Amino acid sequence: MNQSPSVRKSKTVYCLWLIVLSTLQIGATVPQNQISLSQPLTVRWRYESDRTSNFTPATDGTTVYLPLSEGMLVALNASDGQLRWKADVGGNFSASPVADDRSVFAAGQYGAPVNEQRHANGTLRALSKTTGVTVWMRTLQAPLSGSLLVGENALFAGGADGKVYAFDKRTGLTLWTNQYTEAFSSQPASAGHFLYIGSEQGSLFALNQATGNAAWRYQTRGPIQGPIAIVNGTVCFGSGDGYIYALRESNSKLIWRRRTGAAVQSVTSVENGLLAASLDNFVYLLSANRGSLIWRRLLPGRISARPITAPDGALFTPLSTDNAIVLGLRDGKPVNTLSIGEENSSSAAPIAVSDLVIVTTPHGLLAFARPPAKP
């Protein structure tokens with residue numbers, strides 16, 4: 001049956017509209033395994049405990065490893081929060097744990113009160129991810145501090161006694177150790193062949209991962225404790241002296257520095273610059289190449305933990321407030337809040353697992369996700 005040109009034209013226009021609409025819908029749909037921080041998020045599951053600590057949980061993408069007080073490590077199924085196993089690592093935790101494809105690594109201390117690391121002994125354990133059974137254990141003269149960093153073959157950490165270690169992560173044997181006159185309680189970072197670690201006395205060291213040999217050292221005037229970002233050959237970090245620094249990775253030459261109102265807790269690389277959190281309660285977005293200020297935003301409490309970032313925002317957990325707050329990366333304006341249900345007193349950082357945002361609270365864990373789709 002022949003159709004008139006006007007009928008054929010209207011059908012063609014209708015089909016084109018369908019294609020455009022479906023394209024727009026596809027572009028607006030967030031993949032199920034990707035976090036969208038600006039969209040509504042509700043509690044998918046919770047794990048209740050009155051023994052949470054200030055140490056950030058570890059994850060391997062399917063399991064969350066939560067360090068509790070008095071040396072108890074619990075493994076929770078990331079999708080529903082169900083308990084997989086518990087393990088008593090002895091003493092108290094001294095650093096945030098990490099996990100790789102086989103093991104979860106936990107550092108502890110014993111022989112002294114929790115806050116007296118100088119007089120305590122240390123332990124380092126590798127536990128089976130499936131059972132929680134200890135695979136190997138090392139005893140140390142002093143506890144490891146801050147966070148552990150796991151690489152392809154080695155586990156890196158700094159200690160309260162001024163030592164920086166590289167351990168064989170399969171056996172626990174020491175690959176190398178450096179002794180300094182400065183204590184370490186920072187979050188190490190790695191890029192290429194180098195390990196970057198900051199000290200309590202304000203030094204940032206660039207060490208060869210294989211040998212421990214120092215490539216360079218840069219001195220600031222305050223402790224370096226937060227995360228370090230490496231962006232396009234530039235090492236960016238914050239110091240307790242209130243400055244954010246950008247150094248040339250090859251030779252530690254200062255490219256720029258930017259002052260904030262208090263000690264800088266974290267520096268994170270995002271698509272449109274560097275996101276820095278300071279104890280002046282402000283979040284700063286700086287350009288990565290020059291350190292110029294793009295925006296800054298005041299939050300209602302101190303920001304002691306690094307944020308979770310996604311293309312549409314960054315989530316912060318300010319202390320002494322009952323909400324986690326999401327700032328849009330374009331202009332720093334709040335775009336979402338997550339109710340914690342109680343005043344936050346934990347400096348453990350939030351973590352992302354698949355499509356979940358997991359926040360440590362004084363009484364457990366909360367796992368947020370997008371609400372289930374309506375049938």
Side-chain angles (χ1 to χ4, degrees), residues 29-89 93 96-101 103-104 106 127-132 304-319 321-326 335-375:
T29 300
V30 178
Q32 288 300 308
N33 61 351
Q34 179 178 324
I35 294 172
S36 178
L37 295 175
S38 61
Q39 293 186 1
L41 298 171
T42 59
V43 176
R44 176 177 292 180
W45 58 260
R46 67 180 68 228
Y47 177 79
E48 295 184 355
S49 172
D50 59 0
R51 297 172 57 187
T52 56
S53 69
N54 289 323
F55 295 109
T56 302
T59 183
D60 58 7
T62 60
T63 306
V64 177
Y65 304 95
L66 174 64
L68 300 176
S69 61
E70 299 175 2
M72 182 64 68
L73 185 69
V74 296
L76 306 173
N77 186 23
S79 62
D80 57 14
Q82 293 299 306
L83 180 67
R84 290 187 170 179
W85 50 258
K86 289 184 178 181
D88 187 351
V89 302
F93 288 99
S96 296
V98 292
D100 68 358
D101 57 338
S103 304
V104 55
L127 298 92
S128 166
K129 291 200 309 180
T130 56
T131 65
S304 61
R306 69 177 184 269
I308 290 175
T309 61
D312 63 337
L315 179 141
F316 295 87
T317 52
L319 294 175
T321 61
D322 57 2
N323 286 316
I325 300 171
V326 179
V335 295
N336 201 1
T337 59
L338 281 63
S339 176
I340 297 175
E342 60 182 319
E343 187 174 282
N344 179 32
S345 60
S346 174
S347 57
I351 62 172
V353 187
S354 184
D355 62 340
L356 296 171
V357 172
I358 298 179
V359 178
T360 302
T361 75
H363 292 94
L365 287 187
L366 290 177
F368 293 90
R370 293 194 301 275
K374 296 181 179 180

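All values derive from a computational prediction rather than experimental measurement.
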Worksheet, complete the sentence: Rounded to the nearest 0.5 angstrom, the CG-CG distance for D60 and D101 is 9.5 Å
Fill in: N54 side chain vs S347 backbone, donor-acceptor pair below 3.5 Å
yes
Worksheet item: So W85 and L73, side chain to side chain contact (heavy atoms under 4.5 Å, CB included) or not? Walk me through it.
Response: CA-CA 8 Å; W85 50 258; L73 185 69; 4.0 Å; yes
Worksheet, complete the sentence: Only one of I351, V74, V64 passes side chain to side chain contact (heavy atoms under 4.5 Å, CB included) with L365, and that residue is V64
Discussion item. Any side-chain to backbone donor/acceptor pair from K129 onto D100? Under 3.5 Å, distance only.
Written reply: yes
Discussion item. Regarding E48 and H363, do their side chains bring together a donor and an acceptor under 3.5 Å, going by distance alone?
Written reply: no
Response to the item:
Taken to the nearest 0.5 Å, the spacing of L41 CG from L356 CG works out to 9.5 Å
Worksheet, complete the sentence: Correct closest heavy-atom pair for P97 and V104 would be CB-CG2, 4.5 Å
Worksheet item: Taking the side chain as C-beta and beyond, is there a heavy-atom pair between L315 and N336 under 4.5 Å?
Response: no
Practice prompt. Give a yes or no on whether the backbone of P67 and the side-chain of S53 come within a donor-acceptor separation of less than 3.5 Å.
Written response: yes
Discussion item. As an exercise, state the distance from CZ of F368 to CH2 of W45, rounded to the nearest 0.5 Å.
Written reply: 11.0 Å
Discussion item. Tell me the closest heavy-atom pair linking A106 and L127, and the distance in Å.
Written reply: CB-CD1, 4.2 Å
Worksheet item: Quick one: OG1 on T131 to CZ on R84, what's the gap to the nearest 0.5 Å?
Response: 12.0 Å
Worksheet item: OG1 of T56 to CD1 of I358: how many Å apart, nearest 0.5 Å?
Response: 12.0 Å
Discussion item. Between R370 and D355, does any NZ, NE, NH1 or NH2 come within less than 4.0 Å of an OD or OE carboxylate oxygen?
Written reply: no
Fill in: Value rounded to 0.5 Å, distance of OG1 in T317 from CG in L338
10.5 Å
Worksheet item: With a 4.5 Å heavy-atom cut-off, do F93 and L68 have their side chains touching?
Response: no
Worksheet item: How about Q82 and L76: do any of their side-chain heavy atoms sit closer than 4.5 Å?
Response: no
Worksheet entry | Residues N344 and S346: side-chain donor-acceptor under 3.5 angstrom | no
Discussion item. For residues 65-76, which residue pairs pass the salt bridge (charged side-chain N to carboxylate O under 4.0 Å, His left out) check, not counting sequence neighbours?
Written reply: R51-E70
Discussion item. How close do V353 and A78 get, counting heavy atoms only, and between which atoms?
Written reply: CG1-CB, 3.6 Å
Fill in: Validation row: L366, Y47 side chains within 4.5 angstrom (heavy atoms)
no
Fill in: Non-hydrogen side-chain atoms of T52 and S69 separated by less than 4.5 Å
no
Worksheet item: Would you say the side-chain atoms of S79 and N77 include a donor-acceptor pair closer than 3.5 Å?
Response: yes
Discussion item. Looking at every heavy atom in both P57 and L66, which two are closest together, and how far apart are they?
Written reply: CG-CD1, 3.9 Å
Item to complete: Run the numbers on T59 and Y65 for side chain to side chain contact (heavy atoms under 4.5 Å, CB included), then give the verdict.
Response: CA-CA 6 Å; T59 183; Y65 304 95; 5.5 Å; no
Fill in: Atom of G132, atom of A87 and distance for their closest heavy-atom approach
O-CB, 3.6 Å
Worksheet item: Counting distance only, does the side-chain N/O of T321 pair as donor-acceptor with the main-chain N or O of P318 below 3.5 Å?
Response: yes
Worksheet, complete the sentence: Between P362 and E343 the two heavy atoms that sit nearest each other are CG-O, 3.5 Å
Discussion item. Less than 3.5 Å apart, any donor N or O on the side chain of S36 or D312 sitting next to an acceptor on the other?
Written reply: yes
